[in-house]
Amino acid sequence: MTAEQLPKTYDFKSTEERVYAHWEESGYFRPSNAPGKKGFEPTRKPFVISIPPPNVTGELHLGHAMFVAMEDLMVRYYRMKGVPTLWLPGTDHAGIATQLKVEEDLLRTEEVTRDELGREEFLKRTWAWKDKYHAIISKQIRRLGASVDWSRERFTLDEGLSRAVREAFVRLFEKGLIYRGPRLINWSPGLRTAVSDLEVEYNEEEGQLYFFKYRIKGSNEFIPVATTRPETILGDAAVAVHPEDTRYEKFIGATALVPMLDREIPVIGDEYVDREFGTGALKITPGHDANDYQIGQRHKLPILSVLDEAARITKIGGPYAGLDRFEARKRLWADMHAKGLTIKTERYVQRVPRSQRGGEIVEPMISTQWFVTIKPLAAPALAAVDDGRIKIVPEYFTKVYRNWMENIQDWCISRQLWWGHRIPVWYTPDSSMFCARTEEEARAQATQRFGKGVELKQDPDVLDTWFSSGLWPFSTLGWPEETADLAYFYPTSVLETGYDILFFWVARMIMMGLEFTGEVPFHTVYLHGLVHDERGRKMSKTLGNVIDPLEVMEKYGTDALRFTLLVGSTPGQDLTLSLEKVGANRNFANKLWNAGRFVIGAIATAPKEMKGELDWTLADAWIWARTKQILSTCNRLFENYQYGEAGRQVYDFFWSEFADWYIEIAKLQLAEGGDRAFKTVDLLVRVLDICLRLLHPFTPFVTEELWGHLKAAALAHSKSLKAHGGEWPEALIIAAWPHPIAEEDREAQALDKFAIFQNVVRSIRNVRAEKGVKPGQKLAAILAAKDYSGMLEQEKKGLAALVQLDLGKLEITETLHQKPEGHISLVAGPVEIHLSLSEALDPRVERERLEKELTAARDQIARLEKLLKSDFGKKAPKGVIEKERARLDGFKATAGSLKEQLRKLA
RNA sequence: GGGCGAGUAGCUCAGUUGGUUAGAGCGCUUCCCUUACAAGGAAGAAGUCGUAGGUUCGAGUCCUAUCUCGCCCACCA
């Protein structure tokens, strides 16, 4: 395709799907070196990321877009460096979340509950749901450009992973790290399952603090007590006061009477009680409060469960049995009020524990559940981060991680759900327990112990979904089998995810990875921030402020969205996504496209061979020096996980240096034709190519598309361009082109000289704009610069073209003794500029302007001289001093020119 | 109660070994539809880098204190 055939505006819609299909078909996403491949080298170190598996609950949101962009960036970068790269995709069954969704869906569409359907049928429906959403999610991940190896895709509930889960469970069980027993856990009454501490969220809500009387048996006295949950009074096991509380110490040892039930409970002394808070006396409900449970243990109090699994009052609640918890609260309080047992109620803001998934209020309850003894797993996981085997980016999250690991509690892993991995434990009718990888294994164990014909029933519960996610980095590679993939790709390289699941997932993977493989599952944890809406709020469905990434991609393109997420974010820092920014980045993609079109067009018009010898121009040397700088800067930034900064660097370089300056100058050079045009095209192609490579991890679609056209054009043009420019690699491998200008000195000089040249151009443009000179009007000019007249002489033509000077009336000298008549004079660093502007020039205004500039220059000279004379001149490093000295010289030159001009004006 | 992060231009945010005149996008002002691009080009206005101290030749960057906002953990009835 020639440049004219390419659309004037980058058409991402027609590009994205096609380009992705091309990648997939060509096998570009498969690791270049992997077990089973021809010539496989087991010693080559691969770069591996296991995808954070999205839940099969719904569609893609911006969190997904964020991690896909981030991980794709890393993966593409390493792939381009020639490192064998695996990005392993997959999805998570997401126990509670999915089951809840399916239940809601069934209720809405078929008006049936899961109990009505039965376990088997319900699971069938859930698998169907999974298939549907899995398809949607995979498509959306493709849409984002994720270069994952689809051939290795996994699902947490698939056959292999289920085997891994059973294996892990059995191993922990046999090691004595898994136990079952009644403990106080968080119970979600609506879902009727236990949830872990992490799955409980606390919201500040306004409630009431209820004050009431605890009567003392055999007396008229009472102890005033306050509670936020009156219904738990029915399950009280004691009243506690501080042992040194003068108000209440006399009651210690007495018997109190539970309101309405008149059950007798002791009054105890415990230092836990805060004398200042509430009434200074505390009701103790060991069955429904974590602290009370502790106190109950200390005082050997009975544990009364007054709420059942649906949070209804149990028969312990006597007349209130069967009532819902909130109904019971109302009724009990009313009855107590009637009996004169209440004191008052106060409005009270409390932190209400709610289920992360269902949103309902969670009740602490005593329940028989499965637990993992966590300390033996946490200790090595803590050590791995402390000794640097695992590095967390940003570093400050290490503290958060440590703090959590040090205070970790046993992990409740059983859930009373249907959707998930069934706990691999079987019971005989008399409750003997067999933990095994399969039912056959359990049966064999049972037969061995009891002889033939024992009836076995599997534990009905399933495992916490994070139990299987915790195995993800290695279960997806075949563990517990010692597969070739596992041997080669494990441990993985980087685990990239949002900081919000540091505990849920990352910490558990580290613990499980170390426990089961003896190795850290990854050496780096990269945590990105959360995406917020334009007003900086968390995105949530209830707020209705969710931005749909698909809509954004539809409107602005995937590259624009990705670039925005990548460049707008800093590790660990939340990001406010603004659509304006996405729009600006869409413009950037278009800018890239058009610069590409220009270069492709230039190729077609350039001669195919060099005829003679020709040196590079100043602009050539400058852009090449800058390109090299950008390359090394980006490499450094990539290695330090500073992807956003790297993207910004290329963005700025591409737009404001390559496009704004070099391309503009290249147009003039191309117009010269011949060898000059040849060399210019050569450099245009090189610099563009490098920019495309650097940008490819950020904006893969537009760069791939352009790169294809560029390559085709270059190859169609001539062998010499190919030979001259180096080989076109099949993949976008970052390998610097052979340097066209290899002299370091010359490049450094070019940077200085070109800066002066730019300065001259800007100054002239500035004056033209200020004086309202018509854009097309060519001016005569005289330029004087002692040390740079040679450079200016060389760049004369370019300068004239860039700022509309009359080339025939452009004079360049070293010094000028007389200020030319009818000229406006200005200074750009060491260059004196005199533009012929016949229109009324007021010498007074001119003088004022020059004097103002002179004063400014003199201020700078004074500042720098003072600086250099100070301790700075003695103590600062040489290079820094040199820089300042050079700057001082610059200002001195400017001041000199200015004085000259003022003199001439006089 | 403990911990963490943020406070930089009107708005949204960059700024990692401290280097001396602080950057971008959007918005704003003026001019230009110039043959890569009006999703563009040129020129311009705009910030005492939350506050107060300190270390240093030198601080947006390091230390201390403090204010404001946000988050996490623990969960005092």
Side-chain angles (χ1 to χ4, degrees), chain A residues 3 6 8-10 197 200 202 209-210 225-229 232 240 272-274 276-285 289-292 348 350-351 353 394-397 399-400 403-404 407 499-500 502-503 529-530 534 536 538 556 560 564 567-570 572-578 580-581 583-602 637 640-642 644-645 648 651-652 655-656 659-660 663-664 667 761-762 765-770 772-776 803 860 863-864 867 870-877 879-881 883-884 887:
Chain A
L6 298 173
K8 248 180 134 171
T9 302
Y10 171 54
D197 298 347
V200 179
Y202 293 83
L209 192 54
Y210 299 81
V225 174
T227 181
T228 53
R229 297 187 294 161
T232 62
Y272 171 79
V273 182
D274 180 354
E276 311 300 317
F277 193 85
T279 64
L282 186 58
K283 64 190 268 313
I284 304 297
T285 322
D289 183 280
N291 290 307
D292 291 7
Y348 183 67
Q350 55 176 331
R351 309 246 302 154
E395 206 249 328
Y396 57 76
F397 270 104
K399 264 191 179 174
V400 181
N403 186 270
W404 188 75
N407 298 298
Y499 64 76
D500 54 330
L502 178 61
F503 306 140
L530 276 26
E534 307 213 32
K538 240 181 185 166
Y556 300 103
T564 307
V567 163
S569 68
T570 314
Q573 218 64 278
D574 292 347
L575 163 81
T576 303
L577 184 83
S578 107
E580 273 181 358
K581 237 182 239 176
N585 290 327
R586 185 265 324 258
N587 295 355
F588 177 60
N590 190 49
K591 185 77 184 178
L592 262 176
W593 178 255
N594 277 298
R597 278 176 64 224
F598 171 78
V599 174
I600 289 162
L637 291 169
N640 292 324
Y641 305 98
Q642 291 180 248
E645 188 57 26
R648 251 167 264 132
Y651 178 102
D652 288 341
W655 200 316
S656 54
D660 286 352
I663 286 186
E664 289 311 311
K667 285 176 186 170
V761 170
R762 287 196 183 109
R765 283 175 175 167
N766 181 340
V767 171
R768 288 185 66 114
E770 236 166 53
V773 181
K774 289 226 168 64
V803 295
Q860 290 298 332
R863 185 183 66 82
L864 286 164
L867 179 72
S870 73
D871 284 354
F872 171 84
K874 292 173 209 140
K875 298 193 180 174
V880 179
I881 296 175
K883 232 168 92 189
E884 293 311 312
R887 199 176 278 173

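In the text below, chain A, chain B and the rest are named by the order of the sequence lines, each starting its count at 1. All values below come from the heavy atoms of this structure, side chains included, with hydrogens, waters and symmetry mates left out.
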Trainee: Roughly how far apart, to the nearest Å, are B:C31 and B:A36 at atom P?
Mentor: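 Roughly 25 Å separates the two P atoms.
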Trainee: What's the gap between B:A9 and B:A74 when it is taken at their C1' atoms, as a whole Å value?
Mentor: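 One C1' to the other, the span is 41 Å.
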Trainee: Which whole number of Å gives the distance between the P atom of B:U51 and that of B:C11?
Mentor: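 Each nucleotide's P atom is 15 Å from the other's.
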Trainee: Looking at every strand, decide which applies to A:R863 at a 4.0 Å heavy-atom threshold: base, sugar-phosphate, or nothing.
Mentor: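 Answer is base: heavy atoms of A:R863 come under 4.0 Å of a base.
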Trainee: Roughly how far apart, to the nearest Å, are B:A45 and B:G54 at atom C1'?
Mentor: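 Going atom to atom, C1' in each nucleotide, I get 37 Å.
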Trainee: What I'd like to find out is whether the side chain of A:I663 reaches to under 4.5 Å of the side chain of A:F598, using heavy atoms alone.
Mentor: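 A side-chain contact exists here, since the closest heavy-atom pair is under 4.5 Å.
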Trainee: Specify the separation, in whole Å, of atom CG of A:D289 and atom P of B:A74.
Mentor: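 Going from A:D289 (CG) to B:A74 (P), I get 15 Å.
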Trainee: Atom CZ of A:F397 and atom P of B:A6: how far apart are they, to the nearest Å?
Mentor: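 Distance, rounded to whole Å: 11 Å.
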Trainee: If the plane angle is over 60° it's perpendicular, under 30° parallel, otherwise tilted; pick one for A:W404 and A:F503.
Mentor: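 Taking A:F503 first and then A:W404, their aromatic rings lie parallel (interplane angle under 30°).
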Trainee: Distance alone, cut at 3.5 Å: any donor-acceptor contact between the side chains of A:Y499 and A:D574?
Mentor: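 A:D574 and A:Y499 do have a side-chain donor-acceptor pair below 3.5 Å.
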Trainee: Taking CD from A:Q350 and C1' from B:C75, how many angstroms apart are they, rounded to a whole number?
Mentor: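 After rounding, the reported distance stands at 11 Å.
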Trainee: Closest nucleotide of RNA chain B for A:A595 versus for A:A876: which of these residues is on the 5' side?
Mentor: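 With A:A595 and A:A876 compared, the 5'-side residue is A:A876.
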Trainee: Reckon A:Y348 has a side-chain N or O less than 4.0 Å from the OP1 or OP2 of B:A77?
Mentor: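 Answer yes for this pair, as a side-chain N or O of A:Y348 is under 4.0 Å from OP1 or OP2.
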Trainee: Hey, does A:D274 reach any base, or is it just sugar-phosphate, or nothing, if we go heavy atoms under 4.0 Å?
Mentor: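 Base, at least one base heavy atom under 4.0 Å.
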Trainee: Please measure how far the C1' atom in B:G44 lies from the corresponding atom in B:G3, and state the result in whole Å.
Mentor: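 To the nearest whole Å, 47 Å.
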Trainee: Please give, in whole Å, the distance from B:C76 P to A:E276 CD?
Mentor: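 To the nearest whole Å, that distance equals 16 Å.
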Trainee: Does any nucleotide pair with B:A9 by Watson-Crick or G-U wobble geometry, both distances under 3.5 Å, and what is it?
Mentor: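 The answer is none; no pair meets the criterion.
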Trainee: Between P on B:C32 and NZ on A:K774, what's the gap in Å once rounded to a whole number?
Mentor: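 Spelled out: NZ on A:K774 to P on B:C32 is 10 Å.
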Trainee: I need the CG-P distance between A:D660 and B:A24, as an integer number of Å.
Mentor: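 A:D660 atom CG is separated from B:A24 atom P by 12 Å.
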Trainee: Could you check whether A:P877 gets within reach of a base, just the sugar-phosphate, or nothing at all, counting any heavy atom under 4.0 Å?
Mentor: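 Base, at least one base heavy atom under 4.0 Å.
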Trainee: Would you classify A:L530 as touching base, sugar-phosphate or nothing, given that sugar-phosphate means primed atoms plus P, OP1 and OP2, and contacts are heavy atoms under 4.0 Å?
Mentor: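 No contact.
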Trainee: When you measure from the side chain of A:A769, which nucleotide among B:C75, B:A43, B:C13 comes out closest?
Mentor: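 My answer, after comparing the listed nucleotides, is B:A43.
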Trainee: Whether A:T9 contacts B:C37 is assessed here as follows: a side-chain N or O lying under 4.0 Å from the phosphate OP1 or OP2. Is that the case?
Mentor: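 So the side chain of A:T9 is outside the cut-off, no N or O lying under 4.0 Å from OP1 or OP2 of B:C37.
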Trainee: Does a side-chain N or O from A:W655 land closer than 4.0 Å to OP1 or OP2 of B:C37, or not?
Mentor: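 No, A:W655 has no side-chain N/O under 4.0 Å of OP1/OP2 on B:C37.
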Trainee: May I ask you to say what A:L575 touches in the nucleic acid, namely base, sugar-phosphate or nothing, with a heavy-atom cut-off under 4.0 Å?
Mentor: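 Here A:L575 touches no strand at all.
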Trainee: Any donor and acceptor pair, going by atom type alone, linking the side chain of A:N594 with main-chain N or O of A:K8 inside 3.5 Å?
Mentor: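 Present.
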Trainee: Quick one: A:W404 CH2 to B:C75 P, roughly how many Å, whole number?
Mentor: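 Answer to the nearest Å: 14 Å.
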Trainee: For B:A36, does OP1 or OP2 lie under 4.0 Å from any side-chain N or O of A:K667?
Mentor: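 A:K667 to B:A36 OP1/OP2: side-chain N or O found under 4.0 Å.
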Trainee: Going by purine N1 to pyrimidine N3 plus the second Watson-Crick contact, or the G-U wobble pair, all under 3.5 Å, which nucleotide sits opposite B:U64?
Mentor: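 Per the H-bond distance test, B:A52.
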Trainee: Output the distance between atom CZ (A:R351) and atom OG1 (A:T228), rounded to the nearest 0.5 Å.
Mentor: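 If we round to the nearest 0.5 Å, A:R351:CZ and A:T228:OG1 are 13.5 Å apart.
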Trainee: Closest approach of A:L867 and A:S870, non-hydrogen atoms and distance?
Mentor: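 Scanning both residues, the minimum pair turns out to be O-OG, 2.6 Å.
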Trainee: Base, sugar-phosphate, or nothing for A:A659, non-hydrogen atoms under 4.0 angstrom?
Mentor: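 If one applies the 4.0 Å heavy-atom cut-off, A:A659 turns out to touch a base.
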Trainee: From the options B:C76, B:A24, B:C37, select the nucleotide whose nearest atom is closest to the side chain of A:R597.
Mentor: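 Nearest to the side-chain atoms of A:R597, counting from C-beta on, is B:C37.
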Trainee: Is the distance from OP1 or OP2 of B:G25 to the nearest side-chain N or O of A:K581 less than 4.0 Å?
Mentor: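 Checking B:G25 against A:K581, no side-chain N or O comes under 4.0 Å of OP1 or OP2.
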Trainee: Reckon A:N587 has a side-chain N or O less than 4.0 Å from the OP1 or OP2 of B:C37?
Mentor: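 Checking A:N587 against B:C37: no side-chain N or O falls below 4.0 Å of OP1 or OP2.
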Trainee: If you find the nucleotide of RNA chain B closest to A:T227 and the one closest to A:V200, which residue's nucleotide is nearer the 5' end?
Mentor: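 Of the two residues, A:V200 wins.
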Trainee: How far does the C1' atom of B:G27 sit from the matching atom of B:U12, given to the nearest Å?
Mentor: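 Comparing C1' positions in B:G27 and B:U12 gives a spacing of 11 Å.
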Trainee: Under 4.0 Å between any heavy atoms, over every strand shown, what does A:Y396 touch: base, sugar-phosphate, or nothing? Just pick one.
Mentor: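 Sugar-phosphate, backbone atoms only, no base.
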Trainee: Do the side-chain N or O atoms of A:N585 get closer than 4.0 angstrom to the phosphate oxygens (OP1, OP2) of B:G25?
Mentor: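 Indeed not, no polar side-chain atom of A:N585 lies that close.
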Trainee: Do you know which two heavy atoms are closest between A:D660 and A:K591, and how far apart they sit?
Mentor: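 Taking every non-hydrogen atom into account, OD1-NZ, 4.4 Å.
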Trainee: Below the 4.0 Å mark, does B:C4 have OP1 or OP2 next to a side-chain nitrogen or oxygen of A:K399?
Mentor: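 It does, given that an N or O in the side chain of A:K399 lies less than 4.0 Å from OP1 or OP2 of B:C4.
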Trainee: Report yes or no: is there a donor-acceptor pair, N or O only, under 3.5 Å between the side chain of A:R765 and the base of B:A43?
Mentor: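 In this structure, the two groups form no donor-acceptor pair.
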Trainee: Between B:C75 and B:U66, how far is it from one C1' atom to the other, in whole Å?
Mentor: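 Each nucleotide's C1' atom is 28 Å from the other's.
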Trainee: Does B:C4 have a Watson-Crick or wobble mate here (both distances under 3.5 Å), and if so which one?
Mentor: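 Answer to the pairing question: B:G70, which forms a Watson-Crick or G-U pair with B:C4.
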Trainee: Would you measure the distance from the C1' atom in B:A52 across to the matching atom in B:C57 and give it in whole Å?
Mentor: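 It comes out at 23 Å once rounded to the nearest Å.
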Trainee: Determine whether a donor-acceptor pair (one donor, one acceptor, N or O, separation below 3.5 Å) exists between the side chain of A:K874 and the base of B:C57.
Mentor: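 In this structure, the two groups form no donor-acceptor pair.
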Trainee: Can you tell me the base-pairing partner of B:A42? Count Watson-Crick or G-U wobble geometry only, both distances below 3.5 Å, and say none if there is no partner.
Mentor: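 Partner of B:A42: B:U30.
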Trainee: If you compare every side-chain N and O of A:N291 against the phosphate oxygens of B:C76 (OP1, OP2), does one of them come in below 4.0 Å?
Mentor: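 True: A:N291 side-chain N/O within range (under 4.0 Å) of B:C76 OP1/OP2.
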Trainee: Between A:K8 (NZ) and B:A36 (C1'), how many Å, whole number?
Mentor: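 One finds 9 Å between C1' of B:A36 and NZ of A:K8, rounded.
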Trainee: Do any side-chain nitrogens or oxygens of A:Y272 fall under 4.0 Å of OP1 or OP2 in B:C76?
Mentor: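 True: A:Y272 side-chain N/O within range (under 4.0 Å) of B:C76 OP1/OP2.
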Trainee: Within the distance-only criterion (no hydrogens, no angle test), does the side chain of A:N407 pair as donor or acceptor with the backbone N or O of A:N403 below 3.5 angstrom?
Mentor: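 Between the backbone of A:N403 and the side chain of A:N407 there is a qualifying donor-acceptor contact (under 3.5 Å).
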Trainee: Under 4.0 Å, counting only non-hydrogen atoms across every strand here, what does A:T279 touch: a base, just sugar-phosphate, or nothing?
Mentor: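 Nothing, no heavy atom under 4.0 Å.
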Trainee: Taking donor-acceptor contacts at under 3.5 Å, does the side chain of A:E664 reach the base of B:A36?
Mentor: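 Checked by distance alone, the answer is yes.
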